[in-house]
Amino acid sequence: MLGIALPPDPRPDLICRPSRTGKPAQRSQPQCSHRSAVASSAKQRFFLGLDWGTSGGRAQVIDEAGGLVAESKQKYGYSTDGNEWRRALSIVMEALPAEVKSNVTSLAVDGTSATALLVDRETREFLAPPLMYYMAQSQEYVEAVREIAPPGDGLAAPTSTLARLMNWHQGGIWQAAEAAGKKPVVTHHADWIAGFLHGQIDISDWNNSLKLGYEPESQQWPPWLTSQSFAGLLPERIFQPGQPVMPITPEASAAFGLPHDCLVSAGTTDSIAAFLAAGLRFPGDAVTILGSTLAVKMLSSVRADEPSLGIYSQRLGSLWIAGGASLGGGATLLKFFTPEQLMALSPRIKPEQPTGLDYYVLNEPGERFPKFDPHKQPCMEPRPADDAIFLQGLLEAMAKTEATGYQRLAEQGVSKLRRIFTCGGGAASTKWMDIRRLHLPVPVTASPQADSAYGAALLAREGWLKTQGLQGDRHPSESRGYLKTFSENAVGQQGVAGELPVADGGSFNASQAAVG
Ligand SMILES: Nc1ncnc2c1ncn2[C@@H]1O[C@H](COP(=O)(O)OP(=O)(O)O)[C@@H](O)[C@H]1O
Ligand SMILES: O=C(CO)[C@H](O)[C@H](O)COP(=O)(O)O
């Protein structure tokens, strides 16, 4: 059993920068000046997004217009230790200027999707080691899900949150905890972090709860789940992302320097937060997230769910975010190269001269998307003597995986692909971007906001707007058009013709696209 203690704050290895127009990020600076943003901020409202990813925690604070006011980051190096996650929360919060924090009206948290935590309802201590999204569950737990779920349900997969719950159920873990006087509940990465803010543990959102079995269309846990003996482990209150939840606790206010009435708004998964950050508005708009994994997400008026391909849909207002996530991605690159080496090798990569290497990038056997295959083997050999060629081969392989993913989505009848924005750490690689352009059929650009934390901050803003009876459907980075994120009439936007702005200054003629 792992107890979660509050550790003393070490000196942070953090990045803290004042604004998106500011200087390059600086390392190891616990505080930074935000004079320009804060001098006139006395009456401003700020919104805080917290992103707990695979490799680190990040905070971004935005103003009402969506301008980035402050940000901080803390790596935890793939740690699955709750103490490290909690410590990162202290560090990123401490790194934000007090004047900024005192103006935070609302906050929201995103976290890795399908990471499952068995915790105590009252103390939030871990009752078992966390089961991270990349830890495939054995067949017996998949079969246990299959026995209770509707035929063909995608929850019967080694990577679903429900299969992780089955691990604790079949293994008698939660029952033993209960017998020992604990009050076990299953929660998610983001929800656990949010618990340090609003003090609750049985609160989640549509997106994080999807892989545990929540049905966002009917907005309930299905009866086949609630009739199970373990139903008491399910979080009780499931909110729409961006819905006001409750104010932070007095303890959180004191610990983090946030106003006592700071609102916690419902969060989401890290991939959906990245999608929201990109500010896409039309069916067929897509985001590829090049983080530790490679996730593909597309706005669609049609829901697509195909477990054999690892395709599923997250609800977004009246639209769907259809997609899937390969288990290969940036984390595999870091098995071979340091971030510095990735940068140094980049100039010698020649996208226009394909290597001919036929790799499949995975950290370990087993793949989710674009084809569900628990036995899929990585293939990253033969390794050429030249590291630049090796890296190019890996990037080419991931570009092929991505292109296949969009192809498989198209075959499921989703809205026609129009353009792809790019988020995540891998978006920093211009050569990867060039290689992807050779494999993908539509314009590929960097997302104007590449951080999931920005998407979470938008949800925080959404929550506050809702308390004012307003709808936050206008994306701050766009001077025209509407995100319609949570609106009920977004489907009516399909088929809109004309020039849509594209992040790199290019443009995409929407009239050429048959949307929907
Ligand atoms: N120059 C680069 N070229 C390719 N990949 C990169 C580069 N810089 C960072 N990355 C990738 O970005 C990933 C981290 O992205 P990030 O979005 O922070 O991940 P996560 O949120 O999943 O922890 C790393 O796994 C790394 O491989
Ligand atoms: O690899 C992951 C890290 O979180 C996620 O499982 C992946 O991004 C899919 O996320 P979502 O459930 O939002 O589609």
Side-chain angles (χ1 to χ4, degrees), residues 113-114 133-134 136-137 139 141-164 166 206-218 222 224-225 269 271-272 275 283-289 293-316 318-329 360 362 365-376 398-418 420 439-442 491 494 514-516:
S113 176
Y133 67 88
Y134 49 79
Q137 298 305 292
Q139 198 54 28
Y141 306 130
V142 177
E143 288 306 325
V145 174
R146 191 165 287 132
E147 274 171 26
I148 58 171
D153 198 298
L155 293 169
T159 48
S160 81
T161 319
L162 189 54
R164 304 182 204 291
M166 282 302 181
W206 293 355
N207 299 151
N208 271 301
S209 304
L210 185 82
K211 293 176 183 172
L212 190 52
Y214 188 75
E215 185 36 71
E217 207 148 16
S218 56
W224 60 262
L225 205 44
T269 67
S271 292
I272 297 298
F275 184 94
D285 284 348
V287 177
T288 297
I289 301 117
T293 59
L294 190 160
V296 158
K297 300 272 168 204
M298 188 217 269
L299 202 55
S300 174
S301 52
V302 179
R303 182 175 183 173
D305 293 283
E306 181 42 69
S308 69
L309 303 174
I311 288 175
Y312 52 90
S313 296
Q314 294 273 17
R315 185 170 168 190
L316 190 70
S318 58
L319 293 177
W320 296 95
I321 301 178
S326 165
L327 283 170
Y360 196 93
L362 279 176
E367 179 59 300
R368 308 184 284 194
F369 171 83
K371 184 169 190 287
F372 172 74
D373 180 357
H375 307 296
K376 178 81 179 171
M398 288 189 282
K400 280 184 221 159
T401 299
E402 181 186 356
T404 305
Y406 281 113
Q407 181 61 35
R408 295 291 170 265
L409 277 170
E411 289 161 9
Q412 293 302 307
V414 298
S415 298
K416 184 168 177 175
L417 183 63
R418 293 155 54 103
I420 300 172
H439 288 83
L440 293 161
V442 294
V491 178
Q494 355 171 8
V515 184

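Bear in mind the structure is a predicted one, so any value in this text is a computation, not a measurement.
- With sequence neighbours excluded, the residues that form a side chain to side chain contact (heavy atoms under 4.5 Å, CB included) with Met398 are Leu294, Leu333, Val361, Leu395, Trp432.
- When the side chain to side chain donor-acceptor pair (under 3.5 Å) test is applied to Thr269, no partner is found at least two apart in sequence or on another chain.
- Between Ser113 atom OG and Asn208 atom CG the span is 6.0 Å, to the nearest 0.5 Å.
- Contact detail for Ser300 and Ser415: the closest heavy-atom pair is OG-N, 3.2 Å.
- No side-chain heavy atom of Thr159 sits under 4.5 Å from any side-chain heavy atom of Gln137.
- Scored by the side chain to side chain donor-acceptor pair (under 3.5 Å) test, Ser209 finds Ser204 as partners (sequence neighbours excluded).
- Partners of Thr161 according to the side chain to side chain contact (heavy atoms under 4.5 Å, CB included) rule, which considers only residues two or more places apart in sequence or in another chain, are Ala114, Ala116, His188, Lys211, Leu212.
- In this structure, the side chain to side chain donor-acceptor pair (under 3.5 Å) partners of Arg408, at least two apart in sequence or on a different chain, are Glu411.
- Separating the NZ atom in Lys297 from the CG atom in Leu409 is a distance of 9.5 Å, to the nearest 0.5 Å.
- Proximity of Ser326 to Glu367: side-chain heavy atoms (C-beta onward) are separated by under 4.5 Å at one or more points.
- You'll find the side chain of Ile311 reaches within 4.5 Å of the side chain of Phe369, heavy atoms only.
- Taking the salt bridge (Lys or Arg N to Asp or Glu O under 4.0 Å) definition, one finds that Glu402 meets it with Arg436, sequence neighbours left out.
- Atom CG of Leu299 and atom CG of Asp285 lie 6.5 Å apart (nearest 0.5 Å).
- Note that NZ of Lys416 is 10.5 Å distant from CE of Met298, once rounded to the nearest 0.5 Å.
- Between Lys376 and Leu327 the shortest side-chain heavy-atom distance does not fall below 4.5 Å.
- The closest side-chain heavy-atom distance from Thr293 to Tyr134 is not below 4.5 Å.
- Under the salt bridge (Lys or Arg N to Asp or Glu O under 4.0 Å) criterion, Asp373 pairs with no residue at all, not counting sequence neighbours.
- Note: Glu306 CD to Ser313 OG = 11.0 Å, rounded to the nearest 0.5 Å.
- Nearest approach of Gly213 to Leu225, heavy atoms of both residues: CA-CD2, 3.9 Å.
- Residues that satisfy the side chain to side chain donor-acceptor pair (under 3.5 Å) test with Tyr214, not counting sequence neighbours, are absent from this structure.
- Proximity of Val442 to Arg418: side-chain heavy atoms (C-beta onward) are nowhere separated by under 4.5 Å.
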side-chain contact (heavy atoms from CB on, under 4.5 Å) between Trp320 and Glu217, worked out
CA-CA 10 Å; Trp320 296 95; Glu217 207 148 16; 3.8 Å; yes
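- Here CZ of Arg315 is found 13.5 Å from CD1 of Ile272. Values are rounded to the nearest 0.5 Å.
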For residues 145-156, dump all side-chain donor-acceptor pairs below 3.5 Å to protein atoms at least two apart in sequence or in another chain.
unit_1 : atom_1 : unit_2 : atom_2 : d
Arg146 : NH1    : Glu143 : OE2    : 2.7
Asp153 : OD1    : Leu155 : N      : 2.9

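- More than 12 heavy atoms of other residues, nucleotides or ligands lie within 6.0 Å of NZ in Lys400, so this atom counts as buried by the packing criterion.
- Leu210 is linked by a side chain to side chain contact (heavy atoms under 4.5 Å, CB included) to Pro216, Tyr312, Gln314, counting only residues two or more places apart in sequence or in another chain.
- When every heavy atom of Ala322 is checked against every heavy atom of Val414, the shortest pair comes out as CB-CG1, 3.9 Å.
- Phe372 is linked by a side chain to side chain contact (heavy atoms under 4.5 Å, CB included) to Ala157, Pro158, Pro374, counting only residues two or more places apart in sequence or in another chain.
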